[in-house]
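Because the structure is a prediction, the values reported are computed rather than measured. FYI, side chains are in, hydrogens and waters are out, and symmetry mates aren't considered; it's all heavy atoms of this structure.
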Amino acid sequence: MIMTAKNMNLSNYWSGGWRSLYTINVNSKGTKDLNGIVKLNVHYFEDGNVQLTTEFKSKVSVKIDADPDTTGETIAAAVDKVESEFQKNLEEFYVDIHDNAFKAMSRFLTENQKENGLGKFDGHV
C-alpha cells in the first residue's frame with residue numbers, strides 16, 4: 001500500500017511532503033508482519049532555508065482473516081496507529097528542539113541590543 005501527500009503554501013514560504021509504503025503478505029490466514037516506512041520532508045524558506053527530512057520504519061503484527069473486509073480494517077487500524085505514533089513523536093521533537101536546541105543557539109541580545117524574548121514563548125510550539 002502506498003500513500004502520498006504534498007502541501008504547499010508559497011505565500012507563507014513553506015512546502016512539505018509525506019510518503020508511506022506498507023507491505024504485508026495476505027495470501028494465507030494467521031499473524032503476519034506489516035512492514036512500513038514513512039518519509040517526510042518539510043521545507044521552510046523565509047529569510048533562510050530550513051528543511052526537515054526524516055524517515056520512520058515500523059514492523060507490527062497483524063492478524064490476516066479469511067474475510068477480506070476484516071483484514072482490510074485490521075491493516076488500516078494498524079497503519080493509523082503507526083502513523084499517529086510517528087506524528088506524536090514529531091510533535092515531541094518540535095517541543096524539545098524549541099525548548100533546548102534553539103534556545104541554546106540563540107543570542108541573549110539581538111543585533112539591535114534588545115532581549116530576544118525567547119523566554120516569553122515557553123510551552124508554545
Side-chain angles (χ1 to χ4, degrees):
M1 172 177 21
I2 299 171
M3 295 179 283
T4 184
K6 290 226 179 239
N7 199 353
M8 282 200 233
N9 191 328
L10 299 180
S11 63
N12 286 312
Y13 309 102
W14 62 264
S15 65
W18 178 290
R19 294 175 290 163
S20 300
L21 171 67
Y22 293 92
T23 59
I24 189 169
N25 182 348
V26 295
N27 290 333
S28 60
K29 293 189 300 184
T31 301
K32 306 291 174 113
D33 287 334
L34 174 66
N35 295 295
I37 185 167
V38 176
K39 295 182 178 186
L40 176 71
N41 177 262
V42 179
H43 183 205
Y44 180 74
F45 49 91
E46 181 181 26
D47 295 329
N49 188 10
V50 179
Q51 291 193 49
L52 169 68
T53 301
T54 189
E55 71 178 36
F56 174 74
K57 294 181 181 178
S58 65
K59 182 178 187 178
V60 295
S61 294
V62 174
K63 183 180 177 193
I64 304 303
D65 193 87
D67 177 35
D69 290 338
T70 301
T71 297
E73 290 170 5
T74 302
I75 291 171
V79 167
D80 181 53
K81 184 176 179 180
V82 165
E83 294 195 354
S84 293
E85 183 68 24
F86 177 57
Q87 180 71 28
K88 179 179 168 242
N89 290 342
L90 278 176
E91 290 171 6
E92 290 171 0
F93 166 76
Y94 286 126
V95 169
D96 181 64
I97 200 167
H98 172 266
D99 289 347
N100 298 309
F102 286 155
K103 285 184 182 177
M105 292 185 322
S106 68
R107 296 183 219 107
F108 179 71
L109 296 178
T110 61
E111 289 182 16
N112 64 7
Q113 300 301 308
K114 294 183 180 178
E115 282 191 39
N116 65 20
L118 281 177
K120 296 176 185 172
F121 298 108
D122 284 343
H124 290 78
V125 179

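Between Gly36 and Tyr22, the shortest heavy-atom contact is CA-CD2, 3.4 Å. Looking at every heavy atom in both residues, Glu83 comes nearest to Ser20 through OE2-OG, 2.6 Å.
The ring-ring contact (aromatic ring centres under 6.0 Å, His included) contacts involving residues 60-82 comprise nothing, where partners must be two or more places apart or lie in separate chains. Listed by first and then second residue, the side-chain hydrogen bond (donor to acceptor under 3.5 Å, both in side chains) pairs involving residues 69-79 are Asp67-Thr70 (not counting sequence neighbours).
Side-chain contact between Phe93 and Thr54 is absent, with no heavy atoms from C-beta onward closer than 4.5 Å. Counting heavy atoms from C-beta on, the side chains of Val82 and Asp80 never come closer than 4.5 Å. A heavy-atom distance below 4.5 Å is not found between the side chains of His43 and Val50. By the 4.5 Å heavy-atom criterion applied to side chains, Ile24 and Val62 are counted as neighbours. Side-chain contact check for Asn41 versus Lys39: every heavy-atom pair is 4.5 Å or farther apart. Between Phe56 and Gln87, the closest side-chain pair of non-hydrogen atoms is not below 4.5 Å.
Between the CG atom in Leu10 and the OG atom in Ser15 there is a gap of 7.0 Å [rounded to 0.5 Å]. Expressed to the nearest 0.5 Å, how far NZ of Lys6 lies from CE of Met8 amounts to 7.5 Å. Residue Lys32 holds its NZ atom at 7.0 Å from CD1 of Ile64, rounded to the nearest 0.5 Å.
Residues Val60 and Leu21 do not share a hydrophobic cluster, clusters being chains of Ile/Leu/Val/Met/Phe/Trp/Tyr side chains in contact below 4.5 Å. Residues Leu34 and Val26 share a single hydrophobic cluster, defined by chaining ILVMFWY side chains whose heavy atoms lie under 4.5 Å apart. Criterion: ILVMFWY side-chain heavy atoms under 4.5 Å apart, direct or through other members. Under it, Ile37 and Ile2 are part of a common hydrophobic cluster. Linking Ile, Leu, Val, Met, Phe, Trp and Tyr residues whenever their side-chain heavy atoms come within less than 4.5 Å places Leu90 and Met3 in a single cluster. The cluster map of Ile, Leu, Val, Met, Phe, Trp and Tyr, joined by side-chain heavy atoms under 4.5 Å apart, puts Trp18 and Leu52 in the same cluster.
Relative orientation of the Tyr13 and Phe45 rings is perpendicular, given thresholds of 30° and 60° on the angle between their planes.
Remark: Lys88 engages Glu92 in a salt bridge, criterion side-chain N to carboxylate O under 4.0 Å.
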